[in-house]
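All values below come from the heavy atoms of this structure, side chains included, with hydrogens, waters and symmetry mates left out. What you see is a predicted model; the values in this text were computed from it and never measured.
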Amino acid sequence: MDKKKISIVVPMYNEQETVRILYRELNKVSRELVNNEMEFLFVNDGSKDATLEEIKDLASKDERVRYVSFSRNFGKEAALYAGLSNAAGDYVAVMDADLQDPPALLPKMVQMLDSGQCDNVATRRVTRRGEPPIRSFCARCFYKLMRRLSNVDIADGARDYRLMKREMVESVLSVSEYNRFSKGIFAWVGYETKWLEYENVERAAGETKWSFFKLVRYSIDGMMNFSDQSLRISSFLGLFFTVLSFLAIVVEVIRALVFGDPVAGWPSLVCIITFMGGIQLFCMGIMGQYIAKTYMEVKNRPHYIIRETNIISARKNN
Ligand code: UDP
Ligand code: MG
C-alpha cells in the first residue's frame with residue numbers, strides 16, 4: 001500500500017503547559033503509524049504566553065512539526081481554517097491541544113479510512129464526566145434545539161476531533177464563510193461519516209479557554225448560521241400579534257359601544273403597549289443579527305493573518 005501522509009492540525013491558544021504533553025502523545029501514536037508520513041501542524045492563535053516558543057523549540061528538533069502563528073487571537077474557528085488550509089496530508093485530523101481528544105484513537109481512525117468504509121471518522125463523547133452540570137445541561141439543550149431548528153444533523157456530544165480524507169478537507173475549505181461553525185460545516189459538506197465514541201477526558205493541563213458567555217455566543221452563532229428558522233419565528237410572532245391586536249380592537253370597540261367608555265383600562269393598555277413593543281424589538285433584534293452577519297460576510301475580510309510560519313508556501317491569509 002502506498003504511504004499516506006497524515007496531518008494533525010491543532011489550534012492552540014495559551015497552551016504552554018500542554019504543547020509538550022501533546023507532542024509526547026503524538027510521538028507515541030506516530031510510532032504505531034510507521035507506515036505513514038506524519039505532519040504536526042500547530043496553529044498558534046495569538047497566545048499571550050510561551051506557546052509559540054515551545055512550538056518553535058519542538059520544530060527546531062523535529063522536522064515533522066510545522067506551525068503557523070497568527071498576528072493576534074482570531075478564535076478557534078479561524079485557527080482550524082488556517083490549519084486545514086495549510087495541511088499537506090492525504091488524511092487530515094483536527095484535534096484540541098489539551099488531550100481531551102485522545103490521540104490514541106488515531107490509529108483506529110486511520111485504519112477505518114484505509115479500509116475505505118468511510119471518508120471521515122468523527123468522534124463523540126458519550127459522557128460529560130468532569131464537566132460542570134450546568135454546562136452539560138446547556139450543551140444538551142443546544143444540540144436538541146439545533147437539530148430541531150436547522151437542517152444539519154449534529155450529534156449530541158460531537159467533537160471537532162476527526163480524521164478526514166483530502167476530498168473532504170477541500171470541501172470544508174470551499175465553505176469559506178467568515179462566521180464559521182465547524183461542526184455544522186462538517187455535517188453540511190456530507191460524505192460518509194463513521195462515529196467513534198469515547199468517555200470524556202479531562203483537560204491534561206492549563207484551563208479551558210471558553211467562558212460560559214463565550215459558549216452561549218458561539219451557540220447562537222451556530223444556530224443562526226445553519227438555519228433561517230429564527231427569522232420565521234419572528235414573522236410568525238409578528239403575524240400572531242397582529243391578529244391578536246386586531247381582535248382586541250374589535251372587542252374594545254364593541255365594549256365601548258355597549259358599555260360606554262369609562263376611563264378604566266389604562267393599566268391593561270400599558271401592558272399591551274409594552275408587550276407589543278417588546279415583541280417588536282425582539283424580532284427586529286433577530287433580523288438585525290442576520291444583517292450584521294451579512295455585513296461581516298460582505299466585507300470579505302481574511303479569516304486570519306499569519307505573522308510567522310515555518311511552512312514555505314503557507315497560505316498567508318484567506
Ligand atoms: N483555542 C484556540 N483559540 C481560542 C480558544 C481556544 O485556538 O480562542 C483552542 C485551544 O487552545 C484548544 C481548543 O481550542 O486547543 C479547545 O479549547 P478548550 O480546550 O479551552 O475548550 P473546551 O475543551 O473547554 O471546550
Ligand atoms: Mg478542552
Side-chain angles (χ1 to χ4, degrees), residues 5-20 22-23 26 37-98 101 160-164 166 168-186 189 206 209-210 214 218 221 225 293 295-318:
K5 182 167 185 170
I6 303 176
S7 303
I8 296 169
V9 168
V10 188
M12 293 181 171
Y13 177 55
N14 296 346
E15 298 283 2
Q16 58 180 12
E17 297 95 348
T18 45
V19 178
R20 255 159 223 285
L22 175 75
Y23 174 74
L26 287 177
E37 191 187 336
M38 302 291 284
E39 168 188 64
F40 307 144
L41 178 46
F42 297 156
V43 182
N44 173 35
D45 182 13
S47 301
K48 293 181 184 65
D49 62 3
T51 306
L52 183 60
E53 286 71 33
E54 293 280 336
I55 298 174
K56 277 181 166 169
D57 186 48
L58 291 176
S60 66
K61 292 174 191 144
D62 183 344
E63 58 165 19
R64 294 173 303 175
V65 177
R66 314 265 153 83
Y67 64 88
V68 290
S69 178
F70 288 174
S71 59
R72 66 170 169 85
N73 179 249
F74 280 87
K76 182 182 173 185
E77 290 293 343
L80 279 181
Y81 193 74
L84 293 178
S85 304
N86 289 297
D90 304 305
Y91 294 165
V92 182
V94 293
M95 174 188 291
D96 284 359
D98 56 5
D101 300 333
D160 285 338
Y161 183 31
R162 63 179 64 221
L163 185 71
M164 293 172 272
R166 185 83 244 163
M168 175 153 172
V169 175
E170 293 302 326
S171 305
V172 169
L173 287 174
S174 73
V175 182
S176 60
E177 59 201 36
Y178 186 78
N179 294 285
R180 297 181 76 75
F181 180 66
S182 281
K183 269 178 214 153
I185 296 174
F186 292 143
V189 296
K209 310 296 176 294
W210 295 86
K214 225 171 146 186
Y218 186 62
D221 267 0
N225 289 357
K293 291 213 177 280
Y295 178 59
M296 285 310 286
E297 296 292 347
V298 165
K299 281 207 281 197
N300 209 2
R301 292 213 177 145
H303 292 76
Y304 56 86
I305 294 170
I306 294 181
R307 204 173 84 87
E308 262 184 275
T309 174
N310 64 351
I311 302 172
I312 300 153
S313 55
R315 296 196 210 170
K316 282 275 180 184
N317 56 41
N318 201 332

Chi angles and distances behind the side chain to side chain contact (heavy atoms under 4.5 Å, CB included) call for Lys56, Asn310: CA-CA 9 Å; Lys56 277 181 166 169; Asn310 64 351; over 6 Å; no
Check ion pair Glu297-Lys293 (N to O, under 4.0 angstrom):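 Salt bridge absent between Glu297 and Lys293.
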Closest heavy-atom pair and its distance - [X], [Y]:
{"X": "Glu39", "Y": "Gly89", "value": "OE1-N, 4.1 Å"}
{"X": "Arg64", "Y": "Met38", "value": "CG-O, 3.6 Å"}
{"X": "Glu15", "Y": "Thr51", "value": "N-OG1, 2.9 Å"}
{"X": "Phe70", "Y": "Val43", "value": "CZ-CG1, 3.8 Å"}
{"X": "Leu84", "Y": "Met164", "value": "CD2-CE, 4.0 Å"}
{"X": "Arg166", "Y": "Ala88", "value": "NH1-C, 3.7 Å"}

Using a 4.5 Å cut-off on heavy atoms from C-beta on, say whether the side chain of [Y] contacts that of [X].
{"X": "Val169", "Y": "Tyr91", "result": "no"}
{"X": "Arg162", "Y": "Met168", "result": "yes"}
{"X": "Tyr81", "Y": "Ser176", "result": "yes"}
{"X": "Val68", "Y": "Tyr304", "result": "no"}
{"X": "Phe186", "Y": "Val172", "result": "yes"}

Roughly how far apart are [X] [atom1] and [Y] [atom2], rounded to 0.5 Å?
{"X": "Ser60", "Y": "Ile55", "atom1": "OG", "atom2": "CD1", "answer": "12.0 Å"}
{"X": "Asp98", "Y": "Met12", "atom1": "CG", "atom2": "CE", "answer": "10.0 Å"}
{"X": "Lys76", "Y": "Arg180", "atom1": "NZ", "atom2": "CZ", "answer": "13.0 Å"}
{"X": "Asp101", "Y": "Asp96", "atom1": "CG", "atom2": "CG", "answer": "4.5 Å"}
{"X": "Leu52", "Y": "Ser69", "atom1": "CG", "atom2": "OG", "answer": "4.0 Å"}
{"X": "Asp90", "Y": "Lys5", "atom1": "CG", "atom2": "NZ", "answer": "8.5 Å"}

Using only atom types and a distance under 3.5 Å, with no angle test, would you say the side chain of [X] pairs donor to acceptor with the backbone of [Y]?
{"X": "Arg72", "Y": "Ile305", "value": "no"}
{"X": "His303", "Y": "Glu177", "value": "yes"}
{"X": "Ser47", "Y": "Asp49", "value": "no"}
{"X": "Thr309", "Y": "Tyr67", "value": "yes"}
{"X": "Asn86", "Y": "Ala82", "value": "yes"}
{"X": "Tyr13", "Y": "Gly46", "value": "no"}

Residue pair Asp57, Val19: steps toward the side chain to side chain contact (heavy atoms under 4.5 Å, CB included) verdict: CA-CA 11 Å; Asp57 186 48; Val19 178; over 6 Å; no
Mutual orientation of the aromatic rings belonging to Phe40 and Tyr23 [parallel < 30°, tilted 30-60°, perpendicular > 60°]: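 Phe40 vs Tyr23 ring planes: perpendicular.
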Asn73 and its side chain to side chain donor-acceptor pair (under 3.5 Å) partner, picked from Asn44, Asn14, Asp45: Asp45
